[in-house]
Amino acid sequence: MDAHYQIRLARTEDLQAVSAIERGVFSSPWDSSAFRPFLGPLFSVCHVGESIVGYVVARVTFDEGEVLNVAVTPQHRGLGIGRALVLTVVERLADNGAVVVYLEVREGNDAAIGLYADLGFHTVGKRARYYTDPIENALVLALRFDSVTGVTKKGSKPRIFD
């Protein structure tokens with residue numbers, strides 16, 4: 001990721017830009033008000049100058065983390081922004097007690113599946129007809145942290161155990 005791009009925690013004033021990205025990227029976008037409750041350590045944005053170009057939202061319940069949403073504007077894809085956002089939130093999930101992280105991804109989203117696999121996620125299930133517009137199955141992916149080392153240093157592949 002180019003040094004001009006920076007990742008930071010999302011702020012209230014970012015929600016309009018995050019919602020615009022959401023509407024431009026997803027066929028069934030979250031309502032803009034759905035993001036507000038997630039403001040905190042598990043909601044980050046990537047910006048270049050004053051422009052928000054991507055975001056990631058996650059949550060942790062007990063020892064399970066879940067990446068709820070990650071998106072990068074089409075014109076900023078392929079630059080490592082999605083990877084950096086996911087790595088950032090995975091590290092924060094580990095810091096908040098998660099020992100495993102789950103996410104769902106469209107079965108046909110080869111680019112995202114490849115990214116997640118490269119980061120150490122593996123398929124643990126499938127949800128039939130999970131997505132609408134168009135209807136598509138979801139793959140459920142998981143990343144388990146190494147029980148000794150946790151997530152390795154930022155930018156490297158998280159370690160998993162089978």
Side-chain angles (χ1 to χ4, degrees), residues 1 5 7-10 18-19 21-22 25-31 34-46 52-74 76-162:
M1 187 171 82
Y5 294 92
I7 295 176
R8 63 167 168 74
L9 293 179
V18 166
S19 292
I21 294 170
E22 175 82 2
V25 170
F26 294 111
S27 59
S28 298
W30 285 11
D31 182 80
F35 289 100
R36 185 174 300 281
F38 293 102
L39 287 170
L42 301 176
F43 185 178
S44 293
V45 295
C46 179
I52 304 296
V53 298
Y55 66 91
V56 63
V57 179
R59 66 180 168 194
V60 66
T61 305
F62 301 108
D63 63 351
E64 293 184 354
E66 183 180 12
V67 177
L68 299 170
N69 218 340
V70 59
V72 176
T73 60
H76 292 95
R77 291 185 186 155
L79 302 173
I81 294 168
R83 173 184 303 276
L85 285 164
V86 172
L87 282 172
T88 296
V89 83
V90 163
E91 288 177 359
R92 290 189 184 142
L93 285 164
D95 290 344
N96 282 273
V99 298
V100 61
V101 177
Y102 294 99
L103 60 82
E104 288 95 9
V105 62
R106 280 185 181 269
E107 193 171 41
N109 189 342
D110 294 332
I113 292 167
L115 167 67
Y116 298 135
D118 188 50
L119 294 175
F121 284 85
H122 60 281
T123 303
V124 296
K126 185 184 289 193
R127 299 187 196 283
R129 303 172 58 86
Y130 182 79
Y131 292 104
T132 59
D133 196 19
I135 293 172
E136 188 172 2
N137 297 335
L139 297 178
V140 180
L141 306 182
L143 172 71
R144 292 192 178 276
F145 301 130
D146 183 288
S147 60
V148 176
T149 63
V151 177
T152 58
K153 66 182 178 179
K154 191 170 188 170
S156 63
K157 187 175 179 179
R159 296 180 59 183
I160 60 170
F161 55 92
D162 296 320

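Quick caveat: nothing in here was measured; it's all calculated off a predicted structure. Counting from 1, the numbers follow the sequence of the chain as shown.
- Shown here are the side-chain hydrogen bond (donor to acceptor under 3.5 Å, both in side chains) partners of N137, two or more places apart in sequence or in another chain: E107.
- Judged as a side-chain hydrogen bond (donor to acceptor under 3.5 Å, both in side chains), and not counting sequence neighbours, the contacts of S27 are R106.
- Applying the side-chain hydrogen bond (donor to acceptor under 3.5 Å, both in side chains) rule to T132 yields the partners S28; only residues at least two apart in sequence or on another chain are considered.
- Every residue meeting the salt bridge (Lys or Arg N to Asp or Glu O under 4.0 Å) condition with E66, not counting sequence neighbours, appears here in chain and number order: R59.
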Q.
Let's go through Y116 and V70 carefully: what are the C-alpha distance in whole Å and the side-chain angles of both, what is the deciding distance for side chain to side chain contact (heavy atoms under 4.5 Å, CB included) to 0.1 Å, and is it a yes or a no?
A. CA-CA 12 Å; Y116 298 135; V70 59; 3.1 Å; yes
Quick one: side chains of residues 97-104, donor-acceptor pairs under 3.5 Å with protein atoms, not counting sequence neighbours, listed by atom name and distance.
unit_1, atom_1, unit_2, atom_2, d
E104, OE2, R127, NE, 3.1
E104, OE2, R127, NH2, 3.2

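- Once rounded to the nearest 0.5 Å, the distance linking CG of L93 with OG1 of T88 reads 11.0 Å.
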Q: Take F145 and V90 through the test side chain to side chain contact (heavy atoms under 4.5 Å, CB included) and record every step on the way to the result.
A: CA-CA 10 Å; F145 301 130; V90 163; 3.5 Å; yes
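- Considering only residues two or more places apart in sequence or on other chains, R77 meets the side-chain hydrogen bond (donor to acceptor under 3.5 Å, both in side chains) condition with none of them.
- Taking CG from D31 and CD from E22, the interatomic distance works out to 10.0 Å, rounded to the nearest 0.5 Å.
- Side chain of H122 to main chain of A142: a donor-acceptor pair is present (N/O by atom type, distance under 3.5 Å, no hydrogens or angles).
- Contact annotation: the side chain of W30 approaches that of L68 to within less than 4.5 Å [non-hydrogen atoms, C-beta and beyond].
- One finds the CD1 atom of I113 at 7.0 Å from the CG atom of L141 (value rounded to the nearest 0.5 Å).
- Distance check, rounded to the nearest 0.5 Å: CD1 of I21 to NE2 of H76 gives 9.0 Å.
- With F43 as reference, V18 is the one residue of N69, V18, V56 to meet the side chain to side chain contact (heavy atoms under 4.5 Å, CB included) rule.
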